[in-house]
Amino acid sequence: MSGPMTFLPSDGSPDSEQWRSRVREGAQALGIAVTDRHLESFSLHAEELARWNRTVNLTAITDPAESAEKHFLDSIVPATFIPPDGTLLDIGTGAGFPGIPLKVVFPSLDLTLLDSALKRVTFLLQVLRLLGLERTIVLHRRMEQMERPPAARPFDTIICRAFTALPAFVAAALPLLSEKGQLIAMKGGGYKKELDTLKHQSFSGPAGEPAFASDRFDIRIHEYHLPFSKARRALIILKKQRPPGV
Ligand SMILES: C[S@@+](CC[C@H](N)C(=O)[O-])C[C@H]1O[C@@H](n2cnc3c(N)ncnc32)[C@H](O)[C@@H]1O
């Protein structure tokens, strides 16, 4: 693998072969297979984001090489952990990360993207049209307003990246989660303090159900490094423990 990041020259824009090679190479290093069709969709999304970002502030990451790694490659890391044809909710999705790259990799996902900022929701609707993504809805809402899943269908996976503190995410997401579902928080390397804060907390479940104590979660941590910058990242994966005999 080639050395530290950013060294796509200025012509390495997201619609170039060079940008796609960068994503392909990074995905290989992460052990994730991407096809030309995936790369085409990533490139369309990245190009549209760069175009909008010239006039609307959607993301602080503007360098194409950095976007390849920190937006697209980081977003597909959870693919190993989610059911490809399940329901996925991405809370605080921003410009569509990680939800849209995951949907590109797994077209049979039933995806819901949620964000409180209208400018990002407008951008997301445009990207869905551009990429022709089906079975995907965008909700313009604060997560605290989501008391139950839309159409009363609980989510198999609820994910967030670079969003809120772990306890706030768990409190908002738990009532929306299916019984066998999982929460995935995508964090930087310094996640341990947040995890400690989570322990010994209780969360209210769906209406009428008793509170859920965090010591009843199975917690799995997947630590990794981004392939070019070597930045540390972690997935914190929480599943409800099943009562014995169930
Ligand atoms: C730091 S950005 C992260 C975006 C994206 N997940 C990523 O990794 O690039 C946080 C996003 O959360 C949204 N947000 C902030 N508070 C929210 C809330 N209470 N409910 C839903 N979305 C919220 C913001 O509008 C913003 O798009």
Side-chain angles (χ1 to χ4, degrees), residues 5 14 23 26 30 41-42 45-50 52-53 55-79 81-82 88-105 109 111-128 131 133 136-150 155 157-177 183-191 194 203 222 224 226 229 231-237:
M5 83 180 273
V23 177
L30 290 165
S41 294
F42 294 162
H45 182 181
E47 187 70 12
E48 191 69 2
L49 178 55
W52 277 57
N53 217 43
T55 48
V56 186
N57 178 18
L58 297 174
T59 173
I61 297 175
T62 53
D63 175 68
E66 200 179 354
S67 170
E69 183 182 52
K70 294 197 172 157
H71 280 151
F72 291 87
L73 291 169
D74 193 31
S75 286
I76 58 176
V77 171
F81 300 94
I82 64 176
L88 175 71
L89 169 65
D90 179 8
I91 299 187
T93 186
F97 305 109
I100 292 180
L102 285 169
K103 170 76 181 173
V104 166
V105 173
L109 268 181
L111 175 65
T112 302
L113 301 166
L114 181 139
D115 203 279
S116 58
L118 184 58
K119 62 182 179 181
R120 296 202 173 89
V121 166
T122 309
F123 170 75
L124 292 168
L125 291 169
Q126 164 64 6
V127 174
L128 298 193
L131 271 55
L133 297 180
T136 302
I137 59 173
V138 182
L139 298 176
H140 177 215
R141 211 165 297 174
R142 293 185 63 77
M143 71 169 177
E144 299 81 356
Q145 296 170 308
M146 288 280 291
E147 284 166 9
R148 61 180 63 87
F155 293 101
T157 304
I158 304 180
I159 200 163
C160 73
R161 188 184 85 140
F163 183 45
T164 187
L166 198 50
F169 168 59
V170 173
L174 201 54
L176 312 175
L177 191 67
L183 305 177
I184 304 182
M186 300 180 70
K187 295 284 176 184
Y191 63 85
E194 271 187 63
F203 300 95
H222 173 69
Y224 60 103
L226 293 180
S229 61
R232 288 174 60 215
R233 295 284 188 271
L235 303 182
I236 302 176
I237 305 170

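All ligand and atom numbering here is 1-based and tracks the order in the structure. These numbers come from the heavy atoms of this one structure, side chains and all, not from hydrogens, waters or symmetry mates.
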What does the N/O contact table under 3.5 Å look like for ligand 1?
unit_1: ligand 1; atom_1: 6 (N); unit_2: Gly92; atom_2: O; d: 2.8
unit_1: ligand 1; atom_1: 6 (N); unit_2: Phe97; atom_2: O; d: 2.8
unit_1: ligand 1; atom_1: 6 (N); unit_2: Arg161; atom_2: O; d: 2.9
unit_1: ligand 1; atom_1: 8 (O); unit_2: Arg161; atom_2: O; d: 3.4
unit_1: ligand 1; atom_1: 8 (O); unit_2: Arg161; atom_2: NE; d: 2.6
unit_1: ligand 1; atom_1: 8 (O); unit_2: Arg161; atom_2: NH2; d: 3.2
unit_1: ligand 1; atom_1: 9 (O); unit_2: Arg161; atom_2: NH2; d: 3.1
unit_1: ligand 1; atom_1: 14 (N); unit_2: Ser116; atom_2: OG; d: 3.4
unit_1: ligand 1; atom_1: 19 (N); unit_2: Arg142; atom_2: NH2; d: 3.2
unit_1: ligand 1; atom_1: 19 (N); unit_2: Glu144; atom_2: OE1; d: 3.0
unit_1: ligand 1; atom_1: 19 (N); unit_2: Glu144; atom_2: OE2; d: 3.4
unit_1: ligand 1; atom_1: 20 (N); unit_2: Met143; atom_2: N; d: 2.8
unit_1: ligand 1; atom_1: 22 (N); unit_2: Ser116; atom_2: N; d: 3.3
unit_1: ligand 1; atom_1: 22 (N); unit_2: Ser116; atom_2: OG; d: 3.4
unit_1: ligand 1; atom_1: 25 (O); unit_2: Asp115; atom_2: OD1; d: 2.6
unit_1: ligand 1; atom_1: 25 (O); unit_2: Arg120; atom_2: NH1; d: 3.3
unit_1: ligand 1; atom_1: 27 (O); unit_2: Asp115; atom_2: OD1; d: 3.3
unit_1: ligand 1; atom_1: 27 (O); unit_2: Asp115; atom_2: OD2; d: 2.7
unit_1: ligand 1; atom_1: 27 (O); unit_2: Arg120; atom_2: NH1; d: 3.3

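Side-chain N or O atoms of His222 include none that pairs as donor or acceptor with a backbone N or O of Phe81 at under 3.5 Å.
Listed by chain and number, the residues in a side-chain hydrogen bond (donor to acceptor under 3.5 Å, both in side chains) with Ser41 amount to none (sequence neighbours excluded). With sequence neighbours excluded, the residues that form a side-chain hydrogen bond (donor to acceptor under 3.5 Å, both in side chains) with Thr93 are Asp90. When the side-chain hydrogen bond (donor to acceptor under 3.5 Å, both in side chains) test is applied to Thr59, the partners found at least two apart in sequence or on another chain are His71.
Between Glu194 and Thr164, the shortest heavy-atom distance links the atoms OE1-O, 4.3 Å. The two residues Ile82 and Leu109 make their nearest non-hydrogen contact at CD1-CD1, 4.1 Å.
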